[in-house]
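Predicted model only: the values in this text are computed from it and were never measured. Here, residue 1 is the first one in the sequence, and each next residue gets the next number.
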Amino acid sequence: MKIAFYIAKRYAFSKSKSKAVNVITAIASMGIVVSAMAMLIVLAVFSGLRSFSLSFTNELDPELKVFSKQGKNFVVNQAQYQELSQSPLFSGVARVVEDRLLFTYNEKQTVAILKGVDADFPKVSQFPEKVELGNWLEPGSDEVVVGLGMAYYLSMGLFDVEHSLQALSIKPGSGVVSNPEDAFLRTYLHTVGIYSLHNEELDSKYVFCDIELAQHLFSLDENAYTNIEFALNPGVTEKEAIAYIQQVLGDNVVVKNRIQLNDSLYRMLNTENAVVYFIFLLVVIIALFNLVGALLMIILEKKNNIKTLNDLGVSLKQLKRIFLLQGLIISTVGGLLGITLGIIGVLIQEHFGLILIRPGFAYPVEFNISDIFVVFFSIFILGFIASYIASSRVNKKYLHA
């Protein structure tokens with residue numbers, strides 16, 4: 001029986017005499033190679049885009065951020081702040097006051113977020129490291145740092161002695177205002193730095209100032225803050241840090257990590273990744289239709305040999321297994337070859353950046369071992385299904401036809 005099974009495999013794997021069968025088999029193999037390579041490259045591209053998109057949040061957002069459950073602001077007394085800042089859990093605790101304001105400069109105006117920060121802010125965020133022109137602001141001053149996009153829009157430079165950046169906030173109070181100018185609190189600011197993140201939206205989003213100046217503009221009390229940002233010491237888990245923060249500040253605050261701060265971005269990236277994967281899975285399925293066709297043509301061509309082997313004692317189950325194995329070999333070898341070519345393409349782009357989004361900025365790709373397993377098992381499983389469908393053509397009706 002083993003000899004018969006070996007002979008049967010030699011019949012199935014031997015080169016076909018029909019040129020049409022050989023061409024279809026070659027097309028099926030190339031389709032699997034190309035689809036596997038394309039799937040791996042596209043997954044690597046989206047991994048690169050994901051890392052590039054999240055690089056801004058990972059660099060600029062704090063590890064933990066505290067918000068008020070009700071309203072924009074909450075009060076943290078000096079004892080609570082000292083307890084948090086002196087805790088061994090945190091390497092930095094920064095108090096922040098932020099809200100939207102109207103800014104004017106030389107008859108131009110725009111709306112941006114004024115973010116008042118204290119001296120510990122550089123410990124929890126990399127924003128101060130992104131200052132490309134000038135320097136970071138000094139605590140307790142009227143100095144501000146603006147984004148490159150805002151500076152470009154307002155045609156604003158540093159150390160301008162003729163014009164000043166002005167912030168306009170609404171004065172608290174009630175009743176009718178006879179003069180509109182009296183309804184606003186106008187503050188002159190001294191621009192000492194311009195940051196750039198190479199992102200148009202973020203470069204026009206923030207204006208940084210000292211926290212006391214922000215509290216004055218928003219008419220807040222000394223111990224009132226919009227949020228508090230934390231940087232964790234090495235080895236400290238988010239779970240224990242959040243538990244300690246809520247123990248100190250109570251249940252009236254909400255603590256969020258980086259993922260929760262950017263949950264919509266993470267959802268969008270995960271959805272895009274899943275959609276792209278299923279699109280290329282459909283491409284693989286279409287490519288495997290050729291494999292089914294090739295196996296069916298091989299079965300038709302080997303019809304007489306299959307009947308002969310069956311008469312010699314090779315069971316129907318073994319005959320099906322022969323063609324199932326052949327289909328698995330074609331799909332597996334094609335998938336491995338496509339994965340190899342995809343890895344080479346990804347590594348070339350990763351190290352040499354041949355494809356550019358714009359001059360000086362290569363298309364981001366990221367090679368992940370997990371992508372190899374995803375592509376391989378996807379092709380293996382679909383190849384098994386396609387081979388099983390084709391091999392099921394070998395049945396009793398076929399043998400007696």
Could you measure the distance from the [atom1] atom of [X] to the [atom2] atom of [Y]? Nearest 0.5 Å is fine.
| X | Y | atom1 | atom2 | value |
| --- | --- | --- | --- | --- |
| Asn227 | Glu229 | CG | CD | 5.5 Å |
| Lys317 | Ile322 | NZ | CD1 | 13.5 Å |
| Ile344 | Leu40 | CD1 | CG | 11.0 Å |
| Glu63 | Asn233 | CD | CG | 9.0 Å |
| Leu101 | Thr110 | CG | OG1 | 11.5 Å |

Trace of the salt bridge (Lys or Arg N to Asp or Glu O under 4.0 Å) decision for Glu129 with Lys123: CA-CA 11 Å; Glu129 301 175 12; Lys123 297 179 182 179; over 6 Å; no

Pairing residues for Phe384 by the ring-ring contact (aromatic ring centres under 6.0 Å, His included) criterion, not counting sequence neighbours: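 Checked Phe384 against ring-ring contact (aromatic ring centres under 6.0 Å, His included); zero matches.
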
Pairing residues for Tyr195 by the ring-ring contact (aromatic ring centres under 6.0 Å, His included) criterion, not counting sequence neighbours: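 Tyr195 satisfies ring-ring contact (aromatic ring centres under 6.0 Å, His included) with Phe127, Phe208 only.
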
Face-on cation placement of Lys256 at Phe67 ring, 6.0 Å and 45° thresholds: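 Yes, Lys256 and Phe67 form such a contact.
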
What residues form a side chain to side chain contact (heavy atoms under 4.5 Å, CB included) with [X], not counting sequence neighbours?
| X | value |
| --- | --- |
| Ala44 | Val346 |
| Ser164 | Tyr188 |
| Asp221 | Ala224 |

Looking at every non-hydrogen atom in both residues, tell me the closest pair between [X] and [Y] and how far apart they are.
| X | Y | value |
| --- | --- | --- |
| Ile32 | Ala287 | N-CB, 4.3 Å |
| Ile330 | Ser29 | CG2-OG, 3.5 Å |
| Leu158 | Gly193 | CD2-N, 3.6 Å |

Flag side-chain contact, heavy atom, 4.5 Å: [X] against [Y]:
| X | Y | result |
| --- | --- | --- |
| Phe218 | Thr226 | no |
| Leu114 | Leu217 | yes |
| Lys65 | Phe230 | no |
| Ser47 | Asp371 | yes |
| Val144 | Leu137 | no |
| Gln326 | Ile329 | no |
| Thr187 | Leu213 | yes |
| Val117 | Asp210 | no |

Asp99 and Ile113: CA distance, side-chain angles, deciding distance, side-chain contact (heavy atoms from CB on, under 4.5 Å) verdict: CA-CA 5 Å; Asp99 205 346; Ile113 295 176; over 6 Å; no

Exceeds 12 heavy-atom contacts within 6.0 angstrom, atom CD of Glu200: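 It does not: Glu200 CD has 12 such atoms or fewer within range.
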
Within 6.0 angstrom of Tyr363 OH, more than 12 heavy atoms from elsewhere: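 Atom OH in Tyr363 is not packed in, count stays at 12 or less.
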
Side chains of Lys108 and Ser155, donor plus acceptor under 3.5 Å: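 Yes, Ser155 and Lys108 have a side-chain donor paired with an acceptor closer than 3.5 Å.
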
Basic-acidic side-chain contact under 4.0 Å: Arg258, Asp61: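 Here Arg258 does not pair with Asp61 in a salt bridge, since their nearest N and O are not under 4.0 Å apart.
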
Check residues 242-255 and write down every donor-acceptor pair under 3.5 Å in which the side-chain atom is one partner and the other belongs to a residue at least two apart or another chain.
| residue | atom | partner | partner atom | Å |
| --- | --- | --- | --- | --- |
| Tyr244 | OH | Glu83 | O | 3.3 |

side-chain contact (heavy atoms from CB on, under 4.5 Å) assessment of Leu168 paired with Leu185: CA-CA 6 Å; Leu168 282 78; Leu185 179 64; over 6 Å; no

Where at least one partner belongs to [range], residue pairs that pass side-chain hydrogen bond (donor to acceptor under 3.5 Å, both in side chains), sequence neighbours excluded:
| range | answer |
| --- | --- |
| residues 376-391 | Tyr277-Ser378 |
| residues 136-148 | none |
| residues 263-273 | Arg50-Asn270 |

Could you tabulate the donor-acceptor pairs under 3.5 Å formed by side-chain atoms of residues 334-341, not counting sequence neighbours?
| residue | atom | partner | partner atom | Å |
| --- | --- | --- | --- | --- |
| Thr340 | OG1 | Leu336 | O | 2.8 |

Residues which pass side chain to side chain donor-acceptor pair (under 3.5 Å) with Tyr153, listed by chain and number, not counting sequence neighbours: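 Result, side chain to side chain donor-acceptor pair (under 3.5 Å) vs Tyr153: none returned.
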
Which pairs would a plain distance check flag for residues 84-93, meaning a side-chain donor or acceptor within less than 3.5 Å of a matching protein atom at least two apart in sequence or in another chain?
| residue | atom | partner | partner atom | Å |
| --- | --- | --- | --- | --- |
| Ser85 | OG | Tyr81 | O | 3.0 |
| Ser85 | OG | Gln82 | O | 3.2 |
| Gln86 | NE2 | Gln82 | OE1 | 2.9 |
| Ser87 | OG | Leu89 | N | 3.2 |
| Ser91 | OG | Ala231 | O | 3.3 |

Stepwise side-chain hydrogen bond (donor to acceptor under 3.5 Å, both in side chains) test for Ser51 and Glu366: CA-CA 8 Å; Ser51 298; Glu366 184 177 307; 2.3 Å; yes

